[in-house]
Each structure stands twice: as C-alpha cells, then as structure tokens.
Amino acid sequence: MDRVLEKLREHASPTPSRWREVAEYRQANLDWLKEAREIAIKILSKMRIDGITRGQLAEMTGINPDCISQVLKGKEKVSAETVEKIENALEINLITQEYSDRLIY
C-alpha cells in the first residue's frame, strides 16, 4: 500500500486542480457558452467551405488574430461589433432569433 501511495505522490501535480472552478463557471454561464459554440461552428463551417484560414479571416475583418482564435474556440463572449465584422466578411448570419407566435404586452 505504501508503494502505491508513493507512486501516486510522484505523479501528483504540484498545482491544485481547478476542475471544480471550471465546472461551476460552465454551469453559471451555460446559456452564452452554448451561443458562443454555435457561432464558432457556423464560422468554422463557412471558413471550411470557402477555404478561408484564421489569418485570412483576421485580415478580412480587421480583428486581432488572437481574438479570432478565441472566438473560434467557442469559449468566449462575442461582442456585437465582432459578430457584425465576421458576418460582413463571410456574408453569413451568425445570430438568429426565434420568436414566439404569442406577443407579450
């Protein structure tokens, strides 16, 4: 048993795990993270179809390449300005709003 514990200690990370913090963050931000992933998928699909690289998209939009990479990971909030620039460059609609048949007054 001591040998097993010794082996575990040898392979233990010197820094504490952040899994709980990450999981709580994901749960708290579930709605916008879902939207960010959907936006990323739409962008990546259009880029693949048109043969556009990340660098080319950055040039087309005037957006920093690091920002483009973050957007394409689907883990960052995307500003309206960034969405508009990407939509114009790729000629696509990234955000669609579904409306109910019933209006609330």
Side-chain angles (χ1 to χ4, degrees):
M1 183 66 149
D2 288 338
R3 185 170 182 187
V4 172
L5 290 174
E6 182 182 321
K7 288 286 185 186
L8 288 172
R9 286 187 186 107
E10 286 176 15
H11 295 288
S13 174
T15 57
S17 174
R18 295 182 52 224
W19 71 267
R20 181 183 296 269
E21 181 181 326
V22 171
E24 288 171 351
Y25 173 82
R26 287 183 183 154
Q27 188 65 37
N29 297 287
L30 190 62
D31 292 336
W32 73 257
L33 282 168
K34 180 180 176 187
E35 186 70 26
R37 284 190 302 270
E38 290 174 6
I39 288 171
I41 290 168
K42 289 177 185 178
I43 295 168
L44 289 165
S45 295
K46 180 67 170 165
M47 288 172 63
R48 187 177 314 115
I49 289 167
D50 292 352
I52 297 171
T53 66
R54 292 173 186 227
Q56 290 170 327
L57 182 59
E59 287 178 23
M60 293 166 65
T61 58
I63 298 172
N64 181 304
D66 291 335
C67 181
I68 292 291
S69 290
Q70 292 301 315
V71 169
L72 295 177
K73 288 179 184 178
K75 296 181 180 179
E76 296 290 325
K77 285 185 181 180
V78 184
S79 72
E81 181 182 0
T82 299
V83 167
E84 182 181 16
K85 287 179 180 181
I86 295 171
E87 284 180 332
N88 290 337
L90 296 178
E91 298 178 348
I92 60 173
N93 186 4
L94 294 174
I95 300 176
T96 57
Q97 181 66 43
E98 296 178 18
Y99 294 98
S100 172
D101 292 338
R102 296 171 38 193
L103 296 175
I104 300 173
Y105 294 97

Return the set of residues passing side chain to side chain donor-acceptor pair (under 3.5 Å) with Glu6 (not counting sequence neighbours), or none when no residue passes. none

Considering residues at least two apart in sequence or located in another chain, which fulfil the side chain to side chain donor-acceptor pair (under 3.5 Å) criterion with Glu24? none

Closest non-hydrogen atom pair, Asn64 against Asp66: OD1-N, 2.6 Å

Remaining members of Tyr25's ILVMFWY cluster at a side-chain heavy-atom cut-off under 4.5 Å? Trp32, Leu33

Could you list the cluster mates of Leu30? Members are the ILVMFWY residues connected by side-chain heavy atoms closer than 4.5 Å, either directly or through other members. none

Output the distance between atom NZ (Lys85) and atom OG (Ser79), rounded to the nearest 0.5 Å. 8.0 Å

Distance-only check: which donor-acceptor pairs under 3.5 Å involve side-chain atoms of residues 35-49, not counting sequence neighbours?
unit_1 : atom_1 : unit_2 : atom_2 : d
Lys42  : NZ     : Leu94  : O      : 3.0
Ser45  : OG     : Ile41  : O      : 2.9
Lys46  : NZ     : Asp50  : OD2    : 3.2

Quick one, Glu87 with Asn93, criterion side chain to side chain contact (heavy atoms under 4.5 Å, CB included). Give me CA distance, side-chain angles, the key distance, then yes/no. CA-CA 6 Å; Glu87 284 180 332; Asn93 186 4; 3.2 Å; yes

Solution key, residues 54-62 side-chain donor-acceptor pairs under 3.5 Å, sequence neighbours excluded:
unit_1 : atom_1 : unit_2 : atom_2 : d
Gln56  : OE1    : Thr53  : N      : 2.8
Gln56  : OE1    : Thr53  : OG1    : 3.4
Thr61  : OG1    : Leu57  : O      : 2.8
Thr61  : OG1    : Ala58  : O      : 3.3
Thr61  : OG1    : Ile63  : N      : 3.2

Looking at Glu10, I'd like to know if its CD atom is crowded, meaning that more than 12 non-hydrogen atoms belonging to other residues, nucleotides or ligands lie closer than 6.0 Å. yes

